[in-house]
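Notes to accompany the following structure.
Ligands are counted one by one from 1 in listed order, and the atoms in each one are counted from 1 as well. If you read the sequence from its start, that first residue is 1, and numbering goes on from there.
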Amino acid sequence: MSNLRLGVNIDHVATVRNARGGDTPDPVRAAKLAEEAGADGITAHLREDRRHIGDADIDALMDALTVPLNFEMAATPEMQQIALRHKPHAVCIVPEKREERTTEGGLEVAREENALAHYIAPLREAGCRVSIFIAADRRQIDAASRIGAQVIELHTGAYCDAHAEGDFATRDAELEKMRQMSSYAHTLGLEVHAGHGLTYDTVKPVAAFPEVMELNIGHFLIGEAIFRGLPDAIGEMRRLMNEARP
Ligand code: PXP
C-alpha cells in the first residue's frame with residue numbers, strides 16, 4: 001500500500017445542490033461514499049460567502065465521518081471560531097477573495113507572518129494540524145515553518161493550468177519548482193501536501209514526489225463522477241497514485 005493519502009474535496013457536490021437550493025445532492029452522502037471508495041480523508045472549504053459548503057454541512061460531516069476532516073478556511077475570526085468549535089483533524093488556511101471563482105494563488109505568509117502566527121496558535125492548541133496553502137516558494141515555506149505550521153500544501157494550480165494550455169515548458173518548470181520545494185520543506189520538518197486542479201493526466205508526477213504525503217482533489221473527481229460514478233472515479237485516481245508511488 002502506498003503511504004500517499006488521498007483527500008477527496010466534496011465542495012462541488014454542494015455547488016450542484018445549491019444551484020437549485022434544495023437538499024440534493026447531499027455532500028455528506030458523497031463523503032461517506034468517498035470513504036467507502038478508499039478516500040483517506042475528506043476536505044471541505046467553508047467559504048465566507050458560503051457559495052458551496054454551508055455551516056450545516058460542516059456539522060453533519062463532523063458527525064458522520066470516520067476518516068479525518070480537512071477543514072479549509074480563510075484566516076478570519078469567524079472561521080477560527082467555527083474551527084475551534086468543531087476541532088477538525090486538520091485546518092488548511094487558504095487565501096480567499098470574494099470575486100474569485102476558486103482559490104487562485106497561495107497564501108502570502110511572509111507578509112502576514114505575525115498575524116498568522118497568532119491566528120494559528122489557538123488552532124494548534126486545540127489539537128488541529130495546521131496546514132498552510134502556499135506556492136512552491138522558499139520564502140513562503142520558511143515563513144510557514146517560522147509561524148509554527150505543521151503542514152504546507154503546495155498549490156498545483158499553475159502546473160495544471162500550464163498542462164491544460166499545452167505550455168509544457170511552463171508545466172515542467174512548475175513541476176521542478178514543486179519537486180525542489182517539497183524536498184526543502186521536508187528538511188525543515190514540515191509535512192508536505194499538494195492540490196488544486198489535479199486530474200488523471202496531471203496527478204502522477206506530483207504523486208511521485210517522495211515527500212508529498214497527501215493530495216487533495218475535488219473538482220475533477222466530482223465532474224468525473226457524473227460519467228462513471230464517484231467510487232469508480234476515486235478508484236481510478238487511487239490507482240494512478242499507487243502506480244506513481246508504489
Ligand atoms: N487544496 C486546496 C487548499 C484547495 O483550496 C482546493 C480547492 O478548494 C483543493 C485542494 C482542491 O482543488 P480542486 O477542486 O481543483 O481539485
Would you kindly specify which portion of Val94 sits under 4.0 Å from ligand 1, judged on non-hydrogen atoms: side chain, backbone, both or neither? side chain
What are the atoms of ligand 1, with element, lying closer than 4.0 Å to any heavy atom of Gly197? 12 (O), 13 (P), 15 (O), 16 (O)
Quick one: which ligand 1 atoms are inside 4.0 Å of a heavy atom on Ile217? 16 (O)
What pair of heavy atoms forms the shortest contact from Leu4 to Met213, and how long is it? CD1-C, 3.6 Å
Quick one: does Phe220 get a heavy atom under 4.0 Å from ligand 1? no
Can you list the ligand 1 atoms lying under 4.0 Å from a non-hydrogen atom of Asn216? 10 (C), 11 (C)
Salt bridge or not for Asp55 and Arg85, using N-O below 4.0 Å? no
Close-contact set for ligand 1 against Phe133 heavy atoms, below 4.0 Å: 2 (C), 3 (C)
Gly218 heavy atoms within 4.0 Å reach ligand 1 at atoms 13 (P), 14 (O), 16 (O)
Does a side-chain N-to-carboxylate-O contact under 4.0 Å join Glu125 and Lys87? no
Using a strict 4.0 Å threshold on nitrogen-to-oxygen distance, state whether Glu96 and Arg51 make a salt bridge. no
Any carboxylate oxygen within less than 4.0 angstrom of a Lys/Arg side-chain nitrogen, looking at Glu176 and Arg179? yes
Test side-chain contact (heavy atoms from CB on, under 4.5 Å) on Met73 and Ile93 and set out the steps. CA-CA 5 Å; Met73 55 187 254; Ile93 312 293; 3.9 Å; yes
Answer with side chain, backbone, both or neither: which part of Glu153 has a heavy atom less than 4.0 angstrom from an atom of ligand 1? side chain
Do Ile10 and Asp57 come within less than 4.5 Å of each other through their side chains, counting heavy atoms only? no
Heavy-atom proximity to atom 12 (O) of ligand 1, picking from His196, Arg47, His45, His52, points to His196
